Engineer: 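There's a structure below that I have some questions on.
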Amino acid sequence: MTRHLRTLLLLPLAALLAGCEIDTAAYMIEGKEHALIINREKPYFWSDQYEMAVVVSRMPTCQRRFDMKPARLNTAVVTVFDGGEPNRYLLRQGSSRWYAVNTNDCVFAVIDKPATEPAAIGTFRKKGDDFTFVPVKKDADPS
């Protein structure tokens with residue numbers, strides 16, 4: 001097989017893979033060994049949604065990956081909220097899916113929407129060309 005023919009045969013494969021996206025962003029809680037990491041993946045260029053997962057990590061105690069529901073491309077954001085207890089966090093995917101995670105023992109659960117919205121810590125979202133964790137801006141200290 002000639003070199004040009006092989007190149008022509010590989011072009012369709014390259015086109016299929018060109019639309020794939022894999023983005024990962026981390027909220028570092030206490031250094032690099034204690035974090036919440038969101039992974040979102042668009043497996044094919046024709047996909048209209050991301051496959052999403054959260055990695056709950058508190059090394060050396062635990063590190064686990066949990067699948068979240070797929071999200072449409074334009075709503076694939078995850079907001080992190082204070083869970084009311086040390087190392088407990090609530091995650092809101094899009095506008096209506098809620099999860100609870102605990103980094104003490106890497107527990108993950110789907111939950112109902114809280115009666116009152118807790119304090120937001122930040123949001124995993126696209127900022128410019130990058131998928132990143134954007135912390136909530138703290139009010140300026142009045143003193």
Side-chain angles (χ1 to χ4, degrees), residues 1 3-141:
M1 195 180 300
R3 182 176 176 191
H4 295 295
L5 183 58
R6 274 186 286 184
T7 302
L8 286 174
L9 291 174
L10 290 176
L11 281 176
L13 179 60
L16 285 176
L17 297 176
C20 300
E21 285 181 50
I22 299 175
D23 293 319
T24 301
Y27 162 49
M28 301 300 201
I29 299 166
E30 294 172 355
K32 64 182 180 179
E33 295 181 354
H34 189 189
L36 296 176
I37 302 160
I38 298 292
N39 176 270
R40 65 182 201 172
E41 182 176 338
K42 180 181 163 189
Y44 310 105
F45 73 89
W46 61 82
S47 298
D48 65 348
Q49 61 186 14
Y50 287 107
E51 294 174 9
M52 298 188 70
V54 59
V55 177
V56 181
S57 177
R58 186 162 184 251
M59 300 302 283
T61 307
C62 66
Q63 182 173 4
R64 292 197 182 105
R65 176 190 160 113
F66 300 98
D67 290 331
M68 301 169 78
K69 290 192 177 185
R72 295 217 170 267
L73 298 179
N74 59 350
T75 61
V77 297
V78 176
T79 305
V80 180
F81 296 91
D82 183 349
E85 300 172 15
N87 298 323
R88 183 172 189 261
Y89 302 91
L90 301 182
L91 307 177
R92 182 181 66 207
Q93 181 184 17
S95 61
S96 60
R97 295 182 186 136
W98 286 84
Y99 306 94
V101 296
N102 187 320
T103 60
N104 282 332
D105 48 7
C106 290
V107 174
F108 173 87
V110 177
I111 61 169
D112 292 330
K113 178 181 178 180
T116 59
E117 189 170 292
I121 296 171
T123 303
F124 290 95
R125 65 179 177 87
K126 197 89 162 173
K127 186 175 181 182
D129 290 336
D130 299 322
F131 181 63
T132 188
F133 178 77
V134 180
V136 170
K137 292 182 182 178
K138 304 287 183 189
D139 292 335
D141 188 8

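For reference, positions follow the sequence shown, starting with 1. Predicted model only: the values in this text are computed from it and were never measured.
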Engineer: Looking at every heavy atom in both Leu36 and Phe124, which two are closest together, and how far apart are they?
Structural biologist: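 Scanning both residues, the minimum pair turns out to be O-CZ, 3.6 Å.
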Engineer: Do the charged groups of Arg92 and Glu117 touch, with an N to O distance under 4.0 Å?
Structural biologist: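 Looking at Glu117 together with Arg92, the answer is yes, because their closest N to O distance falls below 4.0 Å.
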Engineer: Using atom types as modelled and distance alone, determine if a side-chain donor or acceptor of Asp82 lies under 3.5 Å from a backbone N or O of Gly84.
Structural biologist: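 Yes, the answer is positive, given that a donor and an acceptor are paired below the 3.5 Å cut-off.
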Engineer: Closer than 3.5 angstrom, by distance alone: can the side chain of Gln93 be matched with the main-chain N or O of Met68 as a donor-acceptor pair?
Structural biologist: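 No; judged by distance alone, with no hydrogens or angles, the pair does not exist.
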Engineer: Please give me the minimum heavy-atom distance between Arg97 and Ala71, naming the atom from each residue.
Structural biologist: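 Shortest heavy-atom separation between Arg97 and Ala71 comes out as NH1-CA, 4.4 Å.
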Engineer: Do Tyr50 and Glu21 come within less than 4.5 Å of each other through their side chains, counting heavy atoms only?
Structural biologist: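 Side-chain contact under 4.5 Å: yes.
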Engineer: How close do Ser47 and Lys42 get, heavy atom to heavy atom, and via which atoms?
Structural biologist: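 Taking Ser47 first and Lys42 second, the nearest heavy atoms are O-CE, 3.5 Å.
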Engineer: Between Arg40 (side chain only) and Glu51 (backbone N and O only), is there a donor and an acceptor less than 3.5 Å apart?
Structural biologist: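 Side chain of Arg40 to backbone of Glu51, a donor-acceptor pair under 3.5 Å: no, none is there.
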Engineer: So which pairs with a foot in residues 68-94 pass ring pair (Phe, Tyr, Trp, His ring centres under 6.0 Å), sequence neighbours left out?
Structural biologist: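 Counting only pairs at least two positions apart or across chains, the ring pair (Phe, Tyr, Trp, His ring centres under 6.0 Å) contacts touching residues 68-94 are Phe81-Trp98.
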Engineer: Could you tell me which residues satisfy ring pair (Phe, Tyr, Trp, His ring centres under 6.0 Å) with Tyr99, sequence neighbours excluded, listed by chain and number?
Structural biologist: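 Listed in chain order: Phe108.
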Engineer: I'd like to check Ile29 versus Thr103 (side-chain heavy atoms, cut-off strictly below 4.5 Å). Are they in contact?
Structural biologist: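 Side chain of Ile29 against side chain of Thr103, heavy atoms only: contact under 4.5 Å found.
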Engineer: Evaluate side-chain contact (heavy atoms from CB on, under 4.5 Å) for Phe133 paired with Ile121, printing each intermediate quantity in order.
Structural biologist: CA-CA 10 Å; Phe133 178 77; Ile121 296 171; 4.1 Å; yes
Engineer: Test side-chain contact (heavy atoms from CB on, under 4.5 Å) on Ile38 and Phe131; report intermediate values, then the result.
Structural biologist: CA-CA 9 Å; Ile38 298 292; Phe131 181 63; 3.9 Å; yes
Engineer: Got a list of side-chain donor-acceptor pairs under 3.5 Å for residues 52-66, not counting sequence neighbours?
Structural biologist:
from	atom 1	to	atom 2	distance (Å)
Arg58	NH1	Asn104	OD1	3.4
Arg64	NH1	Asp105	O	3.1
Arg64	NH1	Cys106	O	3.3

Engineer: Which pair of heavy atoms, one from Ala120 and one from Val136, lies closest together, and at what distance?
Structural biologist: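 Heavy atoms of Ala120 and Val136 come nearest at O-CG2, 3.6 Å.
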Engineer: Is the shortest heavy-atom distance from the side chain of Thr79 to the side chain of Leu90 under 4.5 Å?
Structural biologist: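 No, their side chains stay 4.5 Å or more apart.
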Engineer: Could you walk me through whether Asn39 and Asp23 pass side-chain contact (heavy atoms from CB on, under 4.5 Å), step by step?
Structural biologist: CA-CA 6 Å; Asn39 176 270; Asp23 293 319; over 6 Å; no
